[in-house]
Structure formats: C-alpha cells, structure tokens
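Structure, as structure tokens:
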Protein chains: 2
Amino acid sequence: MANHDMHREWASKTRGQEDSGHLADSVAEILDCAALCFTEMGFQGTSIDDVARRLGATKGRIYHYFRSKTDLFFEVHREGMRRLMDAVNSAMSQGGTGREKLLHMIEAHALTMMQNTAYEAVVVQGVHMHRLSATTPEQRVSLDELMDIRHRFEQLFVETMREGQADGSVREGADVSLAVKGLLGAVNWMAIWYRPRPDETPEQQQLIARHVAELQVSGIA
Amino acid sequence: MANHDMHREWASKTRGQEDSGHLADSVAEILDCAALCFTEMGFQGTSIDDVARRLGATKGRIYHYFRSKTDLFFEVHREGMRRLMDAVNSAMSQGGTGREKLLHMIEAHALTMMQNTAYEAVVVQGVHMHRLSATTPEQRVSLDELMDIRHRFEQLFVETMREGQADGSVREGADVSLAVKGLLGAVNWMAIWYRPRPDETPEQQQLIARHVAELQVSGIA
DNA sequence: TCTTGCGACATACTCAGTAGTATGCGAGGT
DNA sequence: ACCTCGCATACTACTGAGTATGTCGCAAGA
C-alpha cells in the first residue's frame, strides 16, 4: 500500500526531472528488459519471471517497483510514446511549409521506430490491445490515458497536414484523417519488418527513414 | 493419432472443393468464433474455453477438430490469407498499366480487410507472432509456411510495381521493396482503426478502400 | 429389427505454469 | 543500535492447455 503510492510518485518523478540516483538506473534497467521481453514474446506470453531472468534477478525486484505486470507494460508503453512525441514535436517545431514539416515529422517518427525497436514495438502492441476488451477495470483507465496521448499524437499530423492544405503545399480533396491513418500505418508497420543490420550506420538509418517519409508524402506515381 | 491425421486430411479437403456436409459447417463455425475471440482478446488472451463458450459448446467440440490452440489459430490465419490472396490475385489479373493494377490490388486488399475484420485482424496478429520466438518446434513449421505465403503475397505487389516502372506508369528511383512494405503497412493498419459503421453500405466501404489505395499510389502532395 | 460401430461431441479430470503475496535478510545510513 | 531500502526466497491460489473417457444418435450390416 505504501509501496503502491511510491510507484505513482515515481512515475511522476521520472516524467519530470531525472532523479540522479541508482533508483532511476534500476527502474530503467527493468524497463529495458521488459521492453525486450514484451517485444519478443508478447504481453501475455511474457511472465514476470522471464523479465526477472533476463535481469539476472527475481520477481521481488520487479514487484518492488511495479504494482503489476500490466503496470509494467504500460510504463514501457509510456516511455515509448514519450520518445516518439519528443522526436515528432521537435521536428514539427522546425518551420517550413506544411508539407515540409510533415515530411520531417514522418522521418523523425520512422527514425525513432528504428532506434528504439523494443520500446516502439511495445507501443504498437499497446495500440493493438486497445481493441482487446480483456482488461480489468483499473487497467482500462491507464489504457484510455495512453490512447488519449496516442490521439493527440495523431492530431499533430492532422493539424500539420491541414496547415499544408492552407498554404498550398498539400493537395486539397484528400480526407485528412484517412491520409494520416494511412501514413502512420506505414510507419508503424516498420515495427514488424525493420531489423537493424549489425553494421548499419546512423546515416543509413536516416536514409531509410527519409525514403519512407518521402514515399508517404509523394506517393509512388 | 487417428484424429490427428483426420485434421490434416480435413485441411486439404476444405482447401480444395467444399464438402457438402455438416462437417464443413461445424468447422467453419468454430473458425468464425475463434477469429472473433482472437481478434478481441489476442491469441494468448483467448482460452479454448472462451471459444467454446462463444460457440455454446465445450472444449470437446474444438479438440475434436483441432489438435491444439495453436493449430486453431493457424487455421484461422490461413483462411484469412486465402481470402486476401483471392481478392488480390483477382484484381491483379484484370489488365491495365502496372500503376492501375497496383491501385486495384491495394483497393482489393483494403476492401477485404474491411469485409473480414475478424479474420484479417488475426492475420495481422500472426505476422506479429513471427517475431515471437516463443513457439514450439512443430508450430514453427506452420508459422514458416504461413510466412512463406505472406512473402509470396508481398512479391505480387513487388512484381506489379516493377511492371509499372517498366511501362512508365510508376516512377523510377524508388526502392520498390521499401515502397511495398510502406503501402502494405498502411493497408494492414486498417485492422487497427477500421470498424464498420452499423449503417455502412458496401458502396461506402468501396469508397474508403479506393481512397486509401489512391493515397498510397499518389501520395498527398 | 436388432446390434454394432462410429462420428460428434460432453464431462471430468490432470498438471504445469504463473500472477501476486508474505516474509526474510543483508547493507548502509543515522 | 535501529531502521529502512532494495531486493531474494518461499510460498499460495488459480488459470488454462491438453487428455481420457463417457454418452447419445444414427447408419449400415446381419
């Protein structure tokens, strides 16, 4: 019970300023291992013991910081979304026409997917879970919160695309909402097929990301 | 063991000509319910008892026709892929330039996604599972087989796009493989966000499908 | 007509795995 | 000397896949 409150405090702390202790390291380490396990074996397919084993520890350590398996999953998801948001927000705030901004946003999104495969694969999984009715009452609150963030994320693209239509850099007549769902789908799907080559340089990653973004903006014809 | 062989025979029968008995109905009914359960609660989140309950029956009925839960899942997946393949193959065989064919193929794919939400959601889930290392030796054989079909499916798009580049209807310079992964991602992502409106007519569905296809071919700019 | 066999399930188990808990325990700070 | 943090250990209770066996109806042969 005291434990329980501590977790929540923790969540807000990490979201705010980084605590300069070993605590943050320990939590981050757990999140990293959890992200890998969830990515490789899925949420239900991963047992807490799996994560613990990967940590070289036992359940005790995990349950000391997280109330439940679901809580752990959501925290990984949240971190993944945070990284996505940061990257896209940053790209969006660098001026240009609507079309240019959109291009940079998609590119940033793609690059983040490629550089955080584990976390972002969990994010994609979480979006899937939204359909899933199999959630306890309390978990649904967390899920809804995350889906709200997800929605705001999507709105960033919608707004920028509308901006592009206003300044003439994006063609009119297209259903903006549908177009955004399409391009986000294309990028999110990278979680399925993209695997970093062992010798892949950041420059090569950037090239792929740019290519994906250009295709979504300009099409193939 | 005799049971086991029966299942396999069965699979080939259903893939060939329809048997005009109650057997096919019973199996199809199970597949339908399983597709819904897997879609709503995920593979691991669905218990055989869940499927049975939805059928208004018990485990016995399911295990009479399927060796294991995994087998059931794969059979649903296979059916979903079959429907996709049929639709896309049919669209591809209707002439036109490479670009036109590609447009029709994407449209057919999208429409199939919208008209078979449960089965196709399972297909998407199955593609996810390919990453998952958590599969028993024998299951991996089935999974690999399905991934092979999946790969041939993807190749249909790749070939058609190359055809389009040859006849000048698709622009050169684009990485064909990457482009195909992008557009397939956009369409597959429909499994996440698309829900048929209660009063949605087939014509409206067709419009959405066409729009999605056009966006992928022409881009937004 | 009887019965014999089998197909199509239902019932009643087993048992391994797993989320979550309760408690122990050493180290470091005060 | 004590107390709390940061875990490890040792449970519990339950779920859920798979199995073994029973049962009922029907169809074909004798």
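First the proteins, then the strands, lettered A, B, ... as listed; each starts at 1.
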Worksheet entry | Residue list, salt bridge (Lys or Arg N to Asp or Glu O under 4.0 Å) with B:Asp148, at least two apart or on another chain | B:Arg152
Worksheet item: Mind checking what makes salt bridge (Lys or Arg N to Asp or Glu O under 4.0 Å) contact with B:Arg150, not counting sequence neighbours?
Response: none
Worksheet item: Quick one: salt bridge (Lys or Arg N to Asp or Glu O under 4.0 Å) pairs with a partner in residues 114-127 of chain B, sequence neighbours left out?
Response: none
Worksheet item: Any idea which of D:dA8, C:dA10, D:dC7 is nearest the A:Tyr65 side chain?
Response: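 The listed nucleotide nearest to A:Tyr65's side chain is D:dC7.
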Practice prompt. Report yes if at least one side-chain N or O of A:Ser26 is closer than 4.0 Å to OP1 or OP2 of D:dC7; otherwise report no.
Written response: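 It does, given that an N or O in the side chain of A:Ser26 lies less than 4.0 Å from OP1 or OP2 of D:dC7.
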Fill in: From B:Cys37 atom SG to B:Leu55 atom CG, the distance as rounded to the nearest 0.5 Å
8.0 Å
Residues 210-217 of chain A side chain polar contacts: donor-acceptor under 3.5 Å, at least two apart:
unit_1, atom_1, unit_2, atom_2, d
A:Arg210, NH2, A:Glu107, OE1, 3.2
A:His211, NE2, B:Asp175, N, 3.3
A:Gln216, OE1, B:Gln216, NE2, 3.2
A:Gln216, NE2, B:Gln216, OE1, 3.2

Enumerate donor-acceptor pairs with a distance under 3.5 Å from any side-chain N or O in residues 154-161 of chain B to protein atoms, sequence neighbours excluded.
unit_1, atom_1, unit_2, atom_2, d
B:Glu154, OE2, B:Lys181, NZ, 3.0
B:Thr160, OG1, B:Leu156, O, 2.8

Distance check needed: [N] [atom2] versus [X] [atom1], whole Å only.
{"X": "A:Glu29", "N": "D:dG6", "atom1": "CD", "atom2": "P", "answer": "14 Å"}
{"X": "B:Arg61", "N": "C:dA8", "atom1": "CZ", "atom2": "P", "answer": "11 Å"}
{"X": "B:His64", "N": "D:dG22", "atom1": "NE2", "atom2": "C1'", "answer": "15 Å"}

Worksheet, complete the sentence: With sugar-phosphate taken as primed atoms, P, OP1 and OP2 and all else as base, the protein-contact string of nucleotides 17-24 of chain C at under 4.0 Å (heavy atoms; B, S, -) is -SBBB---
